There are 2 protein chains.
Amino acid sequence: MTVSRALKEGSRVSKATREKIMAAVNELGYVLDQSAGTLSSRKTGFVAAMVPSLNNSNFADTARGITDELESTGLQLLLGYTDYTVEKEERLIEAMLRRRPEGIIVTGGAHTERARRLLDNAGIPVVETWELPSKPIDQVVGFSNEEAMGLLVKTLARKGYRKFGYIGGTTSRDTRGSQRREGFVRAIEDLGLPTGRLVSFGVPPISIEQGGQAVVSMLERWPDTEAVLCVSDLSAFGALMECKRRGMRVPQDIAIAGFGDYEVAAFCHPGITTVNVDCYGIGQQAARRLIQIIRGGEKKHEQEIILTGYRVVEREST
Amino acid sequence: MTVSRALKEGSRVSKATREKIMAAVNELGYVLDQSAGTLSSRKTGFVAAMVPSLNNSNFADTARGITDELESTGLQLLLGYTDYTVEKEERLIEAMLRRRPEGIIVTGGAHTERARRLLDNAGIPVVETWELPSKPIDQVVGFSNEEAMGLLVKTLARKGYRKFGYIGGTTSRDTRGSQRREGFVRAIEDLGLPTGRLVSFGVPPISIEQGGQAVVSMLERWPDTEAVLCVSDLSAFGALMECKRRGMRVPQDIAIAGFGDYEVAAFCHPGITTVNVDCYGIGQQAARRLIQIIRGGEKKHEQEIILTGYRVVEREST
DNA sequence: AAAGGATATGTTATCGATACCATCTGAACA
DNA sequence: TGTTCAGATGGTATCGATAACATATCCTTT
């Protein structure tokens, strides 16, 4: 018992005893077994988080935000990736819950029925991120992808572009992608601009390469398109490079914009106009809210919806 | 006890009983508590892995390789990032070991003395990845960064370039970066080419932006440099974009090459010559080897060094 | 020196699963 | 009918820490 106390911060053990214990610990190479502690204290020190992909730098930033925020609290992150499917998410959630995390962060508001039930029954705070779900499970940290894309359209329309095209993935499994597309369509309609120039190409998340192929298909069907908006900067970058490869001038012959403000968008040439999203902040705030609830020990916490910022970043591509 | 059996695959419980149990499980929303199981079975089902950064797509690929390989085995990944420092790695290793992982994967061969001791004493298989450490702790899955960079130099020298410059980070905390730099220097010397054109810029990992700044500094000091090799594709991309911004022709005025074969290298214009590394395979094989040892239950396993492939990918930038 | 309070250390039960062994059930067969 | 055996189910101890409470020790004060 005294050893247990000595190895915890902030509990009272005499200096002499603590030193003796530490000496023994060092000599033996003893490392506390947290899974035993977990069982008796009913606190695992885990927080679970699920992102669609580890390879996407936006979500990697969110994961980093979560980790950084957790670090000082001694909570450990259980990270999983869903591959953009709710089925894998469901399996992952179940696997995570077996570890009894004290809180859980998921991406988006689309889940299987069973996943919702699991999350509801888990009795732990849940944060949905990166979107504003119409029926939140619990906490939310995110922004409206629809509005953000709408803002991009309006910003470009103000510069005089009228014939807008949109490039995105083929399925709705990337819900944020679908929302951006809806935001695009609605904004175009609101402004009374020519509609219908939508190219769907590839299973989300669409890659740089697919962005290039998609813009080719866009130009074949609607050669007079003035501005192409892409579901993400990666596809925008692919589109941009493909256009340059074909000798087109950007933005004179065609303007291109993306979404997400990936590093590549800032430093490629020409720089890509995009929507900057506070990826790191999303993770940070989601974690912070969880910590608040966990440490607060409030049994029944308030539902809170935290809006994170976004802004259009205009660069040379438009 | 029967419930415990019913919830495990492959143990004998009559169909009727299993169905009754499952019905109750569903009704109650019961989820197994693995931390309790862990304690009695002495198997946590965890594998720990540490990468320098989550935001680097090369390491993200490795993490994905690990996760994918683990998925079918029921092992769960505890992922942490070290920020390229051995101090953070040490703290992370200690935190991970408290969770009693059944195996551990680290990046590189540089660790603090205490970290080595912790890993040694943990009594679990350890895999060092992404390098070939001179004094391996246990298992190794990686390649020689030095040779890989050397191969790139030789390949370009064969094309006729003679005045080579190198761009990398300022400190040695990125050991793979240091090894690549050494490989560069040695290859240049071996070939009897002009030496000394080394620009160190920024704390590793150096960014796209820093790559751009570094190439400026390179051109100021050695304006006649014919080919610039960069520690990674990100800095190479930054250098490339900066050169184009300044109206230089690549590769006619200056050739640029990177390392890592990031997606951006393939699809930017011109495409960047680089060294392709089997990032995903490193993760996959590291995990596979761990599983082999864990499942094999061999108390004392053989040390094995698994070499992963690399190859120079020539593109338009050289 | 005795009393009292604060601080330090010790004891025991417990968390929730599984290992291990014991018991039970039912079918097959002599 | 009794015996045997495999398969199904049940009972108990246990993993290694901590919560909660009990006791010991030390210091202060009068």
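Just so you know, these numbers use all the heavy atoms, side chains as well, and skip hydrogens, waters and symmetry mates. Source: prediction; values computed, not measured. The sequence lines fix the lettering, A, B, ..., with proteins before strands; numbering per chain opens at 1.
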Examine the side chains of Q285(B) and R288(B) and answer whether a donor and an acceptor come within less than 3.5 Å of each other.
no
Between N or O atoms, less than 3.5 Å apart, protein on one side and nucleotides 21-27 of chain D on the other: list the pairs.
none

Near DNA chain D, counting only heavy atoms under 4.0 Å, which residues of residues 12-21 of chain B show up?
R12(B), V13(B), S14(B), T17(B)
Can a side-chain donor-acceptor contact be found between E89(B) and H111(B) if the only test is distance below 3.5 angstrom?
yes
For dA17(C), take OP1 and OP2 only and decide whether either is under 4.0 Å from a side-chain N or O of R98(A).
no
Under 3.5 Å, is there a donor-acceptor pair between the T85(B) and D83(B) side chains?
no
So, does R42(A) get its side chain near the phosphate of dG16(C), meaning an N or O under 4.0 Å from OP1 or OP2?
yes
Taking only heavy atoms on the protein side, list every residue of residues 29-36 of chain B lying under 4.0 Å from any atom of DNA chain D, sorted numerically.
none
Is the shortest side-chain N to carboxylate O distance from R176(B) to E131(B) below 4.0 Å?
yes
In this structure, how many angstroms lie between the P atom of dA19(D) and the CE atom of M1(A), rounded?
7 Å
Give, for atom OG1 of T112(A) and atom CZ of R116(A), the distance between the pair rounded to the nearest 0.5 Å.
9.5 Å
Between dA19(C) and S40(B), is there an OP1 or OP2 to side-chain N/O distance shorter than 4.0 Å?
no
Does the Q139(B) side chain pair with the main chain of V126(B), one donor and one acceptor, at a distance under 3.5 Å?
no
